[in-house]
Student: 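I am attaching a structure below and will ask some questions about it afterwards.
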Amino acid sequence: MEVEDFEFPPIDDGVEPPFVAELNEPQAAAAAHVDGPLVVFAGAGSGKTRVITYRIANLCAVHSVPPYRILAVTFTNKAAGEMKHRLEGLIGKDMTRDLWVGTFHATSAKLLRQYHEAAGLSRSFVVYDDGDQRAVMNRVVKELRIDEKRYPPRQILSRIHSEKQEGRDAADFIPGNYFDDVVAKCFEAYARHMREASAVDFDDLLLRALKLAESKDRVGEELRRKFRYVLVDEFQDVNQVQYRLVRALSAQTTNICVVGDDDQSIYRWRGADVRIVRNFKHDHPGSEVIKLEQNYRSTKNIVDAALGVIRHAQDREPKELWTDNEKGQLVRVVAASTERDEAAFVVGHVRELIDRGVSPDEIAVFYRVHAQSRVLEEVMRAERIAYQIVGGVRFFERAEIKNLLSYMRVIANPASDVDLERIINVPARKIGETTVSRLQAKAGELGERIGKGVSYFDAIDPLVESRELGAAARKALLGFHELIKDLQTFAKTASPSELAAQILESSGYEEALRAEETDESEGRLFNLEEFIGSIQEYEEEVAALGDVATLNGYLERVTLSAQIDDMKDVPKVVLMTVHGAKGLEFSHVMLTGMEEDMFPFRSNDPDRKGDMEEERRLAYVAVTRARKELIITHTELRNIFGSMRLGSPSRFLRDMPTNVVENEATDSRRSAGGRFIDRDRQSWGRDRSESWTHPMSAGGTRRDRQESPPPSFQPGERYVERDDEAPVRSMPVKGGRALDPAALHIGSQVSHSSFGMGVVQSIDEGADPTATVRFTGWAPKRVKVRFLKSAD
DNA sequence: AAAATGGCTCTTTTT
DNA sequence: GAGCCATTTT
């Protein structure tokens, strides 16, 4: 098809010029290419979403492809919603309603509901999240009498998780070592529990959908023919299972289009494999490759800063992002003394922007890890700036919400044992541990007798009749049983929100919380109210589509929703991790914590090796979110994870061209005069800090930084004290003076018999104090203080 | 049976 | 700093 044949309907997507109403040449080519495989490398801010929506609109409106024959997979539900919304404007609701647009997980769940019989699932299967999975595994470990110390349930789960990501289920598991022998047992028992509870976890969703789509039987055939056009967004972040699913679902068509940017691949730790997008054209003969390289989003200075960072990445698909946009202001790099100082600066700037008339939802604050958000939040609250935080402790993970959800899930699916266990004594109704373990035993016993699993719920009646219990326990159990039965009856005719309200009332949970009359219980009640409100929102949304909201539908949505999906479209400053920022853009971006070991992040745990390449891409993603203004902050000293960390500016800052960056320091940082004392902080006594000076501490201007590099830095080289560069290690030191543990502080020069000289980064007090020390030529190591010697 | 306390560990990013 | 667990106290 010729590009000219395609008439672009007018759209209004709220994007300002210079993102004009026409597509540029590669964009149009991508939107119009409808025959055969296509891979689009879409640089940051190059109008990717627009291409995808136009492409789908083109298929439906011009090529008359029935919408239900099109599958579009997105990374988050939010992205799916946005895409649908834009498409509604292009081709109308009648068309978009039947499109398959969703995340891998949501799409799999939808398929599994539709073909639940073939998948061997009950129609009302529930999806277990991480917490539920842990609960199941804890039970399994107890049942099998496994030593939890030697085989932590978390580790077993993570082993199982990585197996499933490779596409192997319990039946396919081949133990490789002694740990695996235990894992194998747990894997099997875990799978059995899940089956008996009619539950699936996140990995199962994909795995089971895949099994279905690859199967030789009728349903498999049907699934492989179901979609004529398959489109995958954020393709750089798919893992092997997801890719196999895509291949299976597009087995009968060559019309597969994938869109991604290998530079923005940031989910390797979750199994994402960049090689999949890089190899796509080899996997699919006859593939067209289109590159979108013009950035419409950011100023030239921001684009140049981003390019500086990504230029050093290894193994890139060759491409060069460029922009016609104006230079704009310089990228400001601000040195702060501590995380409080940093937060004060950030919030001060946010205030300024808002006073200048910038809408708060055009301002975002990014950080590498959630733990950084607390201080920012505190200062935001103190300054009365409306903010919303994406991630952290999720709303749905709060105890009261999980309790209510567990009630709902037990009602929908009484076989869900972990849910039942969670709420059987909430509010307290005299069903204690002893009674619950009797119930467990009874369920196990009955199960053995009939040769299949019996749920706790179904074991209640037999247990009560068995007369093994005291009168009080019997009464309590019967009461609970009746409560659930009544609620199930109620649920048949009520909407999910009505059910939730009824649960709170007839379970006595609400009353119990009211009786508590503490700040905490007030908060919980408030959250529950908000929660019911969110169910109502869901119901309205579904009603708008002409459907009826179901309990199952709601439960599924809750479990599969990404944190980013909950982001409200209200004008508030957004605080989030860089991962959360993927796919978003803001006029003003403040990127915090730009220090070595924070970003790039390095865990205190030496076993957990970071991936420097991925950190680099993550930094690239962060920088490219900004449209007009980018401010990057870093601190000398950061109190995080309960101890102090000493930071030097991130290596990524050095990679940005000097002519697009301006360096400065906060007032507090400057007045600290080369020391990292935060004078507000009493824990930092004078005598402790004066003995040591931070190598990067002299002043905060670019001049200073360029002309007086820290001792460990040689022009033209990276910092040498890293383990991922050619190490220049200091010699082991013999002797050395004994060290007084009480005098040890951050910045202390110490020596170690094997690692040589080093500088103390942080100290964990305790019975056996441990310090994190950066020895020359080594990654920071955790060392018991008693092994350290004084260096001077 | 429930609440309170103290000690322990872990501390990335998420569907 | 927070969450989890085991123990003690009421």
Side-chain angles (χ1 to χ4, degrees), chain A residues 73-80 102-109 127-131 133-134 138 148-149 152-155 161 164-165 200-206 234 237-239 241-242 265-272 366-375 390-394 397 399 425-436 472-473 476 512 516 518 556-565 576-582 593 597-605 607-611 614-615 617-618 621-622 639-643 645 762 764 766-767 770 772 782:
Chain A
V73 185
T74 57
F75 198 70
T76 60
N77 295 299
K78 185 185 167 74
T103 63
F104 274 105
H105 291 87
T107 303
S108 299
V127 182
Y128 278 5
D129 68 12
D130 294 6
Q133 283 188 56
R134 263 206 315 269
N138 282 336
E148 290 180 45
K149 292 268 148 28
R154 283 166 164 277
Q155 274 179 37
H161 175 64
K164 286 184 175 175
Q165 282 203 330
V200 294
D201 61 29
F202 287 134
D203 298 318
D204 292 339
L205 281 173
L206 301 184
E234 307 280 11
D237 282 322
V238 300
N239 63 32
V241 171
Q242 292 168 333
S265 162
I266 54 174
Y267 284 96
R268 210 173 91 124
W269 51 275
R270 208 170 83 183
F366 298 159
Y367 35 78
R368 178 64 181 79
V369 298
H370 283 305
Q372 290 167 256
S373 71
R374 259 202 45 236
V375 188
V390 177
V393 179
R394 290 179 59 176
E397 275 165 16
N425 203 29
V426 174
R429 50 170 75 89
K430 308 264 180 217
I431 302 178
E433 243 171 78
T434 22
T435 311
V436 172
E516 246 183 74
T518 60
E556 188 166 300
R557 151 114 147 208
V558 164
T559 325
L560 295 184
S561 88
Q563 303 182 336
I564 195 72
D565 300 333
M576 61 178 131
T577 64
V578 179
H579 283 87
K582 172 174 175 169
D597 295 354
M598 280 307 291
F599 199 171
F601 187 84
R602 183 183 293 267
S603 165
N604 265 344
D605 179 355
D607 300 340
R608 220 187 288 258
K609 282 221 307 291
D611 180 337
E614 182 139 314
E615 294 292 323
R617 294 189 295 261
L618 198 51
V621 169
N639 188 212
I640 196 162
F641 300 139
S643 64
R645 279 192 180 201
S762 68
D764 286 337
T770 312
T772 305
R782 282 174 66 77

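Chain naming here is simple, since letters A, B, ... match the order of the sequence lines and numbering starts at 1 in each.
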Student: N/O contacts under 3.5 Å, protein versus nucleotides 1-5 of chain B?
Tutor:
{"from": "B:dA1", "atom 1": "OP1", "to": "A:Gly432", "atom 2": "N", "distance (Å)": "3.4"}
{"from": "B:dA1", "atom 1": "OP2", "to": "A:Thr434", "atom 2": "OG1", "distance (Å)": "3.3"}
{"from": "B:dA2", "atom 1": "OP2", "to": "A:Asn425", "atom 2": "ND2", "distance (Å)": "2.9"}

Student: With a 4.0 Å cut-off on heavy atoms, is A:Arg368 in touch with a base, just the backbone sugar-phosphate, or nothing at all?
Tutor: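 Contact class for A:Arg368: base.
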Student: Would you mind reporting whether A:Lys164 and A:Asp204 have side-chain heavy atoms less than 4.5 Å apart?
Tutor: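 They are in contact (side-chain heavy atoms under 4.5 Å apart), so the answer is yes.
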Student: Could you give the NE2-to-P distance, from A:His370 to C:dG1, as a whole number of Å?
Tutor: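 The answer, rounded to whole Å, is 19 Å.
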Student: Could you check how far CZ of A:Arg270 sits from P of B:dT15, rounded to whole Å?
Tutor: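 Roughly 6 Å, once rounded to whole Å.
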Student: Check the distance between B:dT15's P and A:Ile266's CD1 and give it to me in whole angstrom.
Tutor: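 So the two atoms are 11 Å apart, to the nearest Å.
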Student: I want to check a possible cation-pi pair here: A:Arg374 against A:Tyr367, using under 6.0 Å from ring centre and within 45° of the ring axis as the test.
Tutor: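 Checked: cation-pi criterion not met.
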Student: Take the protein atom NZ of A:Lys78 and the nucleotide atom P of B:dT15, then report the distance between them rounded to whole Å.
Tutor: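 Result: 13 Å.
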Student: Do A:Val578 and A:Ile266 touch side chain to side chain, with heavy atoms closer than 4.5 Å?
Tutor: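 With C-beta onward as the side chain, the pair stays apart.
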Student: Does B:dT12 pair with anything, Watson-Crick or G-U wobble, both distances under 3.5 Å, and if so, with which nucleotide?
Tutor: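 WC or wobble partner does not exist here.
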Student: Between C1' on B:dT15 and CG on A:Asp130, what's the gap in Å once rounded to a whole number?
Tutor: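 After rounding, the reported distance stands at 9 Å.
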Student: Mind calculating the distance between CG (A:Asn138) and C1' (C:dG3) to the nearest angstrom?
Tutor: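 Taking atom C1' of C:dG3 as the reference, CG of A:Asn138 is at 13 Å.
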Student: Does A:Arg645 pair with A:Asp597 as a salt bridge, N-O distance under 4.0 Å?
Tutor: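 Here A:Arg645 does not pair with A:Asp597 in a salt bridge, since their nearest N and O are not under 4.0 Å apart.
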Student: Look at A:His579 and B:dT15 and indicate whether a side-chain polar atom (N or O) is within less than 4.0 Å of OP1 or OP2.
Tutor: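 Looking at the OP1 and OP2 atoms of B:dT15, neither is under 4.0 Å from any side-chain N or O of A:His579.
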Student: Rounded to the nearest angstrom, tell me the gap between atom CZ in A:Arg268 and atom P in B:dT12.
Tutor: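 It is 17 Å, rounded to the nearest whole Å.
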Student: Is B:dA2 paired to anything, Watson-Crick or G-U wobble with both distances less than 3.5 Å, and if yes, which nucleotide?
Tutor: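 Its partner is C:dT9.
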Student: Could you work out, with ring pair (Phe, Tyr, Trp, His ring centres under 6.0 Å) as the rule, every residue matching A:Phe202, not counting sequence neighbours?
Tutor: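 A:His105.
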Student: With P as the reference atom in both, quote the distance from B:dT13 to C:dC4 in angstrom, rounded to an integer.
Tutor: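 So the two P atoms sit 15 Å from each other.
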Student: What's the CD-C1' distance between A:Glu556 and B:dT15, to the nearest Å?
Tutor: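 After rounding, the reported distance stands at 13 Å.
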Student: Nearest to the A:His105 side chain among B:dT12, B:dT14, B:dT15, which nucleotide is it?
Tutor: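 Nearest listed nucleotide: B:dT15.
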Student: Against A:His579, only a single residue in A:Tyr267, A:Phe75, A:Phe601 fulfils ring-ring contact (aromatic ring centres under 6.0 Å, His included); can you say which?
Tutor: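 Among the candidates, only A:Tyr267 passes.
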Student: Choosing from C:dC4, C:dG1, B:dT15, which nucleotide comes nearest the side chain of A:Arg374?
Tutor: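 From the listed options, C:dG1 comes nearest.
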Student: Name the nucleic acid region contacted by A:Tyr267, choosing base, sugar-phosphate or nothing; use a 4.0 angstrom heavy-atom cut-off, strictly under.
Tutor: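 Since only primed, P, OP1 and OP2 atoms lie under 4.0 Å of A:Tyr267, the category is sugar-phosphate.
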Student: Does a side-chain N or O of A:Thr577 approach OP1 or OP2 of B:dT12 to a distance below 4.0 Å, or not?
Tutor: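 False: A:Thr577 side-chain N/O out of range (4.0 Å or more) of B:dT12 OP1/OP2.
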Student: Is the closest basic N to carboxylate O distance between A:Glu615 and A:Arg602 below 4.0 Å?
Tutor: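 No, no charged N to carboxylate O under 4.0 Å.
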